[in-house]
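This report concerns only the one structure given below.
Start at 1 and go down the list; that is how both ligands and their atoms are numbered.
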Amino acid sequence: MQKIQTVGGRRLEGDVRLSGSKNACLAILAATVLPQKGRTVLTNVPRISDVLTLLALLRHLGIPADFTEPGVVSIDASSPTSYEAPYELIKMMRASFSVLGPLLARFGQARVALPGGCDIGARPVDYHLKGLERLGATTTVEHGFVHAVAPNGLRGAGIYLDFPSVGATTHLMSAAALADGITTISNAAEEPDVVATANILNRMGAKIRGAGTKEIVIEGVEALHGTEFRVDADRIEAGTFAVAAAITGGDLYIRDAVKEHVQPVTRKLAEAGVEVRFDDDGVRVRVPHGVALKAVNISASPHPGFPTDMQPPFAALMTLALGTSVITETVYERRFRYIDELSRMGADIKAEASAAIICGVPRLTGAPVAGSDLRATAALVLAGLAAEGRTDISGIQFLDRGYEGFETKLRAVGANIQRVDYADEIATELPLTSELSLARAAGVSA
Ligand code: UD1
């Protein structure tokens with residue numbers, strides 16, 4: 001087991017280059033099942049465990065898919081051999097479920113295990129299934145699998161989403177690309193990941209318009225072909241580094257950040273007193289000397305609202321702001337599991353219904369803490385960068401799902417942060433029992 005150790009108090013300064021967007025990559029990789037001919041080549045793909053899991057799933061389906069060089073992934077879906085996605089690969093990540101519609105469009109049937117993912121609240125797939133049924137599929141759930149059948153292919157239909165789900169929007173849009181006739185998705189998610197997925201599908205030959213608005217219209221086509229596509233920078237990684245600059249009173253240039261994608265977060269940072277300057281290549285985030293950050297309220301909601309994935313990192317920042325902030329969550333009901341951990345570091349924070357109330361304190365102190373999901377763990381690392389003394393953060397397996405070279409990038413701009421082996425730490429820190437010492441002295445392995 002590994003964990004991250006930080007010693008807080010260093011001001012971060014310098015340039016950080018972002019990796020490609022995790023969420024866009026995952027939606028796009030699921031859609032790469034669709035093209036009947038030609039290879040798809042994606043560039044700016046982060047080497048993170050979620051991407052590796054989806055590539056393994058594609059290979060399981062008989063679709064050669066792998067990194068050919070750093071950042072470049074090649075996929076050839078011309079002759080898939082299976083329409084069944086096993087639990088072992090789906091349980092690790094909810095986004096894998098989105099191969100269901102594309103497999104259905106290719107094979108006329110598909111069998112995909114019900115998903116897992118970060119534990120941040122109920123994460124049903126009812127919109128996905130209802131949408132596929134609107135497109136003419138019959139779905140049954142048994143033994144932990146969804147079996148979907150559409151022997152005569154999918155046909156265009158009107159789909160209304162009760163909530164603008166990102167996953168359901170990209171999934172149903174992809175499935176509808178090969179449906180017979182016109183599909184309209186109303187109350188669609190407007191996230192940049194939806195736009196990226198529509199853009200690559202259109203390059204594959206699909207006819208999709210309206211992505212990035214509440215209504216997406218898909219005119220089904222007979223066939224799709226492989227293409228090349230560059231993935232935009234990760235807006236949540238950008239937001240995380242922006243908060244890293246803010247929480248350490250630092251000055252970071254975040255290269256490749258896309259203004260329209262990152263603004264829902266940087267606007268709130270600016271309101272708190274952080275200086276934010278965009279140019280053509282990225283954004284500079286700086287805390288002017290002598291400025292104490294002020295508490296601001298946020299409400300996490302679908303794009304273009306404040307992204308729920310940035311809610312835990314922003315809460316970490318607010319623990320050190322002047323005044324009281326109210327952080328409201330409207331997307332997931334259980335996204336406050338980091339509160340107890342921040343409290344252990346001296347934060348004055350409590351949960352009330354779907355909000356966290358944070359009274360800023362003058363300082364945090366390092367402590368052993370445990371991350372419970374990807375963004376909660378990132379929030380604890382950020383708190384650790386500002387806390388006095390050492391913070392040991394467990395839950396690195398979550399961080400590795402979504403951040404490429406997180407601690408390496410942070411170290412390069414001055415953070416005191418390292419990844420250590422947990423077992424080694426225990427062995428060196430805890431006194432050995434006499435038997436164990438004797439056995440070791442005698443060369444016997446315990
Ligand atoms: C995606 C992102 C995730 C982000 C989330 C919201 C990926 C890989 N992950 O997750 O980082 O936090 O968007 O911005 O892109 N819901 C239902 N039924 C459904 C589908 C969703 O009730 O069938 C609900 C969920 O429980 C949740 C809300 O809709 O409360 C939003 O979920 P959704 O947008 O689907 O999140 P994901 O696409 O899974």
Legend entry - Carboxylate-amine/guanidinium contact R286 E275, below 4.0 Å: yes
Inset, instruction - List every atom of ligand 1 that sits less than 4.0 Å from any heavy atom of R94, numbering the atoms from 1 in the order shown and giving each element. - result: 20 (C), 21 (C), 39 (O)
Inset, instruction - State whether D162 and K130 are salt-bridged, where the test is any N-O pair (Lys NZ or Arg NE/NH1/NH2 against Asp/Glu carboxylate O) under 4.0 Å. - result: yes
Inset, instruction - Just jot down the ligand 1 atoms closer than 4.0 angstrom to any heavy atom of F163, in number order. - result: 28 (C), 29 (O), 31 (C)
Legend entry - Contact check: V331 vs ligand 1, nitrogen or oxygen atoms, below 3.5 angstrom: yes
Legend entry - Residues in salt bridge (charged side-chain N to carboxylate O under 4.0 Å, His left out) contact with K214, at least two apart in sequence or another chain: E190
Legend entry - N-O pairing of R39 and D76 below 4.0 Å: no
Legend entry - Heavy-atom nearest option to atom 20 (C) of ligand 1, drawn from P124, P302, G167: P124
Legend entry - Any N/O pair S165/ligand 1 closer than 3.5 Å: yes
Inset, instruction - Determine whether the side chain, the backbone, both or neither of D126 has a heavy atom under 4.0 Å from any heavy atom of ligand 1. - result: both
Legend entry - Atoms in ligand 1 with a heavy atom of T308 nearer than 4.0 Å: 6 (C), 12 (O), 14 (O)
Legend entry - Part of D309 with heavy atoms under 4.0 Å of ligand 1, whether side chain, backbone, both or neither: side chain
Legend entry - ligand 1 to V166 polar contact by distance, N or O atoms, under 3.5 Å: yes
Legend entry - Identified side chain to side chain contact (heavy atoms under 4.5 Å, CB included) partner of V33 from the options L58, T40, L104: L58
Inset, instruction - Could you tell me whether R284 and D251 make a salt bridge, using a distance below 4.0 angstrom between a side-chain N and a carboxylate O? - result: yes
Legend entry - Region of R335 that comes within reach of ligand 1 [heavy atoms, distance under 4.0 Å]: side chain
Inset, instruction - Might you point out which heavy atoms bring G101 and L132 nearest each other, and give the distance in Å? - result: CA-CD2, 4.0 Å
Inset, instruction - Compute both the distance and the angle, then confirm whether R203 meets the cation-pi test with F229: under 6.0 Å from the six-membered ring centre, within 45 degrees of the axis. - result: no
Inset, instruction - Just let me know how D162 lines up against ligand 1, side chain, backbone, both or neither, with a heavy-atom cut-off below 4.0 Å. - result: neither
